[in-house]
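Below: the structure, in structure tokens.
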Amino acid sequence: MTDYYTSGEFAKRAHVSVRTIRYYDQQNLLKPSARSKGGARRYSDADFAKLQQILLLKYLGFSLGEIRGLTLGASDRRRLLDSLQIQRRLVEERIEEMTAVEAAIDSTTQTLEAGKPVDWSRMLEDCQVILTDISEGMLADAKKEIGEDSRFSYDQCDAAHLPFADEEFDLVVANHMLFYCDDIPQVLKEVRRVLKKGGRFCASTYSKRHMHEITDLVQEFNSQIVLSSVNLYDRFGLDNGEEILAPFFAQVTCQRYEDAIELGEAEPVISYILSCHGNQNALLLDRYQEFKQFVEDEVAGGFHITKDAGTFICRK
């Protein structure tokens, strides 16, 4: 007969809390092999082996969602190997970053030990940042916000025709902007051209799930309301971004940013809706008070807004 462990015995053997065991059960990560007549969880040695796999993958940096897929499909060894290779590359990148931090710490320590003053403004003097935008006004705002800093320069240009030499940059960042570009493949071709070999390109975006509760809310009030005439995530989003980037870069990984909004008042929701670039203002003009009351009623018990954004990290 199979020997079973209680939740307490099982958790103690694995050096985790009983609460963790229960949570993994609720998340469909680790179901008990049996239950007592009273419904208490009972675990086997096979469950212990699976728990060790979960804990190892969690230690390696996998999310619980990723772990669920890997452990439930235990026969899919190829997928697990590919995922581990991705994790290894992320670790290597982190090592590079921490090596640079270590060098900065050593330099600062030597300066302090020598009794010399530390010029904190020059700690990153080897780092040069060029901020670009097609809008002169946006660059002016950025310059005003940053102030006088010799490490930063500004260049008004079109991302599809970058005025820079081949292999000039270690890092290029496109922060929620690729989906606005008319010719995304041409922009990516330019990004690849100006990146050094082994350089990185970081492109942030969001998915169709991002803040979908807002759209659901207004369409429940009036199904004709459209908050945006173009779904930017269809042009470049978390769901299709890897496919778009893959032809231009040797490695592409995605890191999602875990976040959400919890609201208990209607005013921020209404302000956001009215600021959108759709047809909502025309349709709500004659029904604003009714709409305001509708939103207040919906938000009164608490209103959860999903945020599903992330960044693609690509290496040339």
For the residue pair [X] and [Y], establish whether any side-chain heavy-atom pair is separated by less than 4.5 Å.
| X | Y | answer |
| --- | --- | --- |
| Ser229 | His277 | no |
| Leu162 | Cys157 | yes |
| Phe169 | Lys196 | no |
| Leu238 | His210 | no |

side-chain hydrogen bond (donor to acceptor under 3.5 Å, both in side chains) assessment of Ser207 paired with Asp308: CA-CA 6 Å; Ser207 80; Asp308 190 24; 2.5 Å; yes
Salt bridge (charged side-chain N to carboxylate O under 4.0 Å, His left out) evaluation trace for Arg315 with Asp170: CA-CA 10 Å; Arg315 187 178 290 274; Asp170 298 293; over 6 Å; no
To the nearest 0.5 Å, tell me how far [X] [atom1] sits from [Y] [atom2].
| X | Y | atom1 | atom2 | result |
| --- | --- | --- | --- | --- |
| Tyr4 | Ser36 | OH | OG | 12.0 Å |
| Leu51 | Leu29 | CG | CG | 10.0 Å |
| Leu283 | Phe221 | CG | CZ | 10.0 Å |
| Phe291 | Gln289 | CZ | CD | 12.0 Å |
| Ile261 | Ile214 | CD1 | CD1 | 7.5 Å |

Lys/Arg-Asp/Glu bridge criterion (N-O < 4.0 Å) met for Glu258, Lys307: no
Determine whether a donor-acceptor pair (N or O, by modelled atom type, separation under 3.5 Å) exists between the side chain of [X] and the backbone of [Y].
| X | Y | value |
| --- | --- | --- |
| Glu298 | Leu217 | no |
| Gln156 | Ile134 | yes |
| Thr20 | Val16 | no |
| Arg42 | Tyr5 | no |
| Asp133 | Met138 | no |

Residues, nucleotides or ligands: over 12 heavy atoms within 6.0 Å of Glu262 CD: yes
Neighbour count >12 (heavy atoms, 6.0 Å) for atom CD, Glu290: yes
side-chain hydrogen bond (donor to acceptor under 3.5 Å, both in side chains) assessment of Thr306 paired with Glu213: CA-CA 7 Å; Thr306 300; Glu213 290 87 356; 2.6 Å; yes
Ser153 versus Gln128, side-chain donor and acceptor atoms under 3.5 Å: no
Residue among Thr205, Val230, Leu178, Asp182 satisfying side chain to side chain contact (heavy atoms under 4.5 Å, CB included) with Arg235: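 Among Thr205, Val230, Leu178, Asp182, the one meeting side chain to side chain contact (heavy atoms under 4.5 Å, CB included) with Arg235 is Val230.
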Mutual orientation of the aromatic rings belonging to Phe10 and Phe48 [parallel < 30°, tilted 30-60°, perpendicular > 60°]: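 Rings of Phe10 and Phe48: perpendicular, as their planes differ by over 60°.
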side-chain hydrogen bond (donor to acceptor under 3.5 Å, both in side chains) between Ser33 and Asp47, worked out: CA-CA 7 Å; Ser33 291; Asp47 296 327; 2.6 Å; yes
Stepwise salt bridge (charged side-chain N to carboxylate O under 4.0 Å, His left out) check, Arg13 with Glu9: CA-CA 6 Å; Arg13 184 183 179 197; Glu9 293 169 339; over 6 Å; no
Residue pair His176, Ser204: steps toward the side-chain hydrogen bond (donor to acceptor under 3.5 Å, both in side chains) verdict: CA-CA 5 Å; His176 273 52; Ser204 63; 2.8 Å; yes
